[in-house]
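One structure is given below, encoded as structure tokens.
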Number of protein chains: 2
Amino acid sequence: MVSARQLEILSTVIEVGTTARAAELLGVSQPAVSNMIRHTEDLVGFPLFMREHGRLTPTKEALHIAQEAQHLFMQQNRIDNIIDELRGGTIGRLSVIATPSVGHGILPRILGQFIKTRPKLQLSIELGSQDEIIRKLGSGQADLGLSITPPRHSAVSVREIANGQLMCVCPAEHELALQEVVSISNLNHVSHISYAARTPLGQMIDTLFSERGLERRYFCEVRHTATALEMVRNGLGVALVDSFAVIGSRGENIAARPTKPTLPLKLYGLTSNMFPTTNLTMQFQQFLADYLEPHGGSGPDDGDL
Amino acid sequence: MVSARQLEILSTVIEVGTTARAAELLGVSQPAVSNMIRHTEDLVGFPLFMREHGRLTPTKEALHIAQEAQHLFMQQNRIDNIIDELRGGTIGRLSVIATPSVGHGILPRILGQFIKTRPKLQLSIELGSQDEIIRKLGSGQADLGLSITPPRHSAVSVREIANGQLMCVCPAEHELALQEVVSISNLNHVSHISYAARTPLGQMIDTLFSERGLERRYFCEVRHTATALEMVRNGLGVALVDSFAVIGSRGENIAARPTKPTLPLKLYGLTSNMFPTTNLTMQFQQFLADYLEPHGGSGPDDGDL
DNA sequence: ACCATTCTATAACCCTCAGTTATTTGGTGA
DNA sequence: TCACCAAATAACTGAGGGTTATAGAATGGT
């Protein structure tokens, strides 16, 4: 019925007293204001201003309407702000589920960076297996899955977020730390901490070794890179760890070296294609990619953390 | 930034699921909806719907915005309702100040009728002298003054609301009740209740009598018609009372007769011209006029109440 | 496999309405 | 009476929200 613009003009005229000043305020010409008021009066069916002595004085009705209109303007502003924030990704909910390797290492650190500029964000971080990731994504309970093994599943789309590689991690004073590049065959001659055959990382490493006719020997079997790292940190041995986990960890007393041959792997971002991917999710993936890009390859300088 | 119309269309599409049904709902064509959504997406800078399988499914962001927009629509509706009610005079504040003659008699009765169709109205009734009426009107504390003596004052404008006359009121069994018309000279031969010389009614009647070479004799002097009426009702005598007071009173056991000569008077509506007169005030004046119009003159049938 | 149906998107056109500039009218005060 | 200021009017413009007609993609029934 009566438009927001009409209420805006009405309010402004009441506020500043004359059509000319209102027009100035609103950035339009004086006749525009004059016409709009007349038009609005026709519309509502009763006078909004008394014309006397060549001036406009608002009627009680007009004052009443202008009063109410303030609430409308509030809501308008509110919505505009919300849209701004949605565009900027500064509000919303971001639910990430990651494999433990990623979720323990880089994820908390990078999320910490991410929310620094988005304090209103509501976060959810969860760790889970491949299957759990798929399930949470499919049911809409999570926005983004992070994994270093890409699932082949019709309901999720996969994006390569960053390139990394397996790094050999050892105590800083370890003999292997003297080498710039560690040959994987060396691992069989030291106390090697590795992964259960069932785990994705275990399978991946198994494949790599057997492709090169090597046997994977290790004295300790763990499930997560975080565990392996912790053991290395305590001087219990050396381990192959994905570079993402290394980036995320505190680097005291441990050295990370690229391997020969290099064992490339990728960090994958997983989103459901049953649900629309939020803006925010896209932004976080990009943020991740940007953050990890310089750490990406196996520059020799990345060795010591 | 983003218009109410855009939000309306967005919400509707989300609600009903397809552009075609939304268009139908909104009473526009399907392309109008389609274009508007595209336009809105350009405006906000992020997608509001996923186009897949030839269908639109809203993004989380769109749902969020639509959610918020509901509040806006509420306010819109609220304002439209308020305007309707202001137009219909069903909301607002009506403050009436009347001389006691009017304020005791017809005013409560008529106001009772008036608010029957306007239950949300906020009322204020006050009684006061001419001077007080002028003052309250001038200070904006009252919207409408009612009086049977028109003030000559620049700050109030006067409207004649109804015609009436002085009526001779006596107990139903009184000798004067036998006459259809009572000659005012008769009053000097019965127990006559009249008004103090200071009161407007006293002055008015004084003038009438002296114009006809009569002396106004009375055994009892009161200030208000209500008092006079009450006395008549209790058989204490007869009185001249304006017809408005008679209409307002309960008519048991009393008779009202026109006089010879007729003593015309008018009910005046007084409004300040320092402040705009509200719609509602105008309506109430009209209501009064309509209500009193049939009772107006001195038809013989109006005699017995 | 194909056709009918349903939905979105595009194209080309239209018209109302909020805006413009230029000017007039009305009121007040020096 | 003139100068000044505010509101109103007139005549015009452009953009946006609308139209019809139609194309293109996906779904479902026989």
Side-chain angles (χ1 to χ4, degrees), chain A residues 1-44 46-59 62 66 69 72-73 76 80 154-155 273-274 276, chain B residues 1-59 62 66 69 72-73 76 154-155 273-274 276:
Chain A
M1 180 130 187
V2 47
S3 74
R5 182 60 170 170
Q6 290 171 324
L7 293 171
E8 188 182 10
I9 289 179
L10 172 67
S11 289
T12 308
V13 172
I14 288 177
E15 199 173 324
V16 303
T18 75
T19 57
R21 300 232 320 101
E24 193 182 355
L25 254 272
L26 294 166
V28 297
S29 66
Q30 175 266 320
V33 173
S34 207
N35 287 332
M36 193 50 120
I37 285 178
R38 156 179 286 277
H39 181 214
T40 308
E41 285 181 323
D42 290 352
L43 204 65
V44 301
F46 51 83
L48 297 169
F49 293 90
M50 308 280 307
R51 279 78 170 167
E52 47 189 9
H53 320 302
R55 296 295 158 91
L56 294 182
T57 57
T59 62
L72 189 78
F73 302 151
Q76 260 293 4
D80 286 346
S154 60
N273 43 34
M274 311 287 292
Chain B
M1 182 125 185
V2 48
S3 75
R5 182 61 171 169
Q6 290 172 323
L7 293 171
E8 189 182 9
I9 289 179
L10 172 66
S11 289
T12 309
V13 172
I14 288 177
E15 199 172 325
V16 303
T18 75
T19 58
R21 301 232 317 102
E24 192 182 356
L25 253 275
L26 294 167
V28 297
S29 65
Q30 175 267 320
V33 173
S34 207
N35 287 332
M36 192 52 120
I37 285 179
R38 156 180 286 277
H39 182 212
T40 308
E41 285 181 323
D42 289 351
L43 205 63
V44 302
F46 51 83
L48 296 169
F49 293 91
M50 306 280 307
R51 280 82 169 162
E52 46 189 10
H53 319 300
R55 297 296 158 91
L56 293 182
T57 56
T59 62
L72 190 79
F73 302 151
Q76 259 293 6
S154 60
N273 43 34
M274 310 288 292

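Throughout, a chain's letter reflects where its sequence line sits, starting with A, and its residues are numbered from 1.
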Practice item. Return the minimal non-hydrogen interatomic distance between Ile14(A) and Ala62(A), and the atom names on each side. Key: CD1-O, 3.7 Å

Review point. Does the side chain of Ser29(B) get closer than 4.0 angstrom to OP1 or OP2 of dG18(D) through an N or O atom?
Key: no

Review point. Taking only side-chain nitrogens and oxygens of Ser34(B), does any of them come within less than 4.0 Å of OP1 or OP2 of dT8(C)?
Key: no

Check your understanding: What nucleotide among dA8(D), dT20(C), dG18(D) has an atom nearest to a side-chain atom of Gln30(A)?
Key -> dA8(D)

Check your understanding: Looking across every strand, which nucleic acid part, if any, lies under 4.0 Å from Ala32(B) by heavy atom: base, sugar-phosphate, or nothing?
Key -> base

Check your understanding: Whole Å only: how far is the CD atom of Glu24(B) from the C1' atom of dG18(D)?
Key -> 18 Å

Review point. Which nucleotide sits closest to the side chain of Pro31(A): dG18(D), dT21(C), dG27(C)?
Key: dT21(C)

Point to revise | Arg5(B) side-chain N/O to dG18(D) phosphate OP1/OP2 under 4.0 Å | key: yes

Point to revise | Heavy-atom pair with the smallest gap, counting every atom of Glu41(B) and Leu48(B) | key: OE2-N, 2.7 Å

Check your understanding: Could you give the distance from CD1 (Ile37(B)) to CG (Leu43(B)), rounded to the nearest 0.5 Å?
Key -> 13.5 Å

Practice item. For Gln6(A) and for Arg55(A), locate the closest nucleotide of DNA chain C by heavy-atom distance; then report the residue assigned to the nucleotide nearer the 5' terminus. Key: Gln6(A)

Exercise for review: Respond yes when some side-chain nitrogen or oxygen of His39(A) is under 4.0 Å from OP1 or OP2 of dA18(C), and no when none is.
Suggested key: yes

Practice item. Give the rounded distance in Å between these two atoms: CG of Asp42(A) and C1' of dT9(D). Key: 14 Å

Check your understanding: Taking CD from Glu52(B) and P from dC7(C), how many angstroms apart are they, rounded to a whole number?
Key -> 16 Å

Review point. Looking at side-chain heavy atoms only, is the closest gap between Thr57(B) and Glu52(B) below 4.5 Å?
Key: yes

Check your understanding: Please give, in whole Å, the distance from dA18(C) P to Leu10(A) CG?
Key -> 15 Å

Review point. To the nearest Å, how far apart are Glu41(B) CD and dT8(C) P?
Key: 13 Å

Point to revise | Protein-nucleotide distance (Asn35(A), atom CG; dC12(D), atom P), rounded to Å | key: 15 Å

Review point. Does a nitrogen or oxygen in the side chain of Arg51(A) sit under 4.0 Å from OP1 or OP2 of dG27(C)?
Key: no

Exercise for review: Using only side-chain N and O atoms of His53(A), determine if any of them is under 4.0 Å from OP1 or OP2 of dA6(D).
Suggested key: no

Practice item. Flag yes if more than 12 heavy atoms outside Arg5(B) fall under 6.0 Å of its CZ atom; otherwise flag no. Key: yes

Review point. To the nearest angstrom, how far is Leu48(A) atom CG from dA8(D) atom P?
Key: 12 Å

Review point. Taking atom C1' of dG19(C) as reference, at what distance in whole Å does atom CE of Met36(A) sit?
Key: 9 Å

Check your understanding: Between Arg38(A) and dA7(D), does any side-chain N or O lie under 4.0 Å from OP1 or OP2?
Key -> no

Review point. When you measure from the side chain of Leu56(B), which nucleotide among dA7(D), dA9(C), dG17(D) comes out closest?
Key: dA9(C)

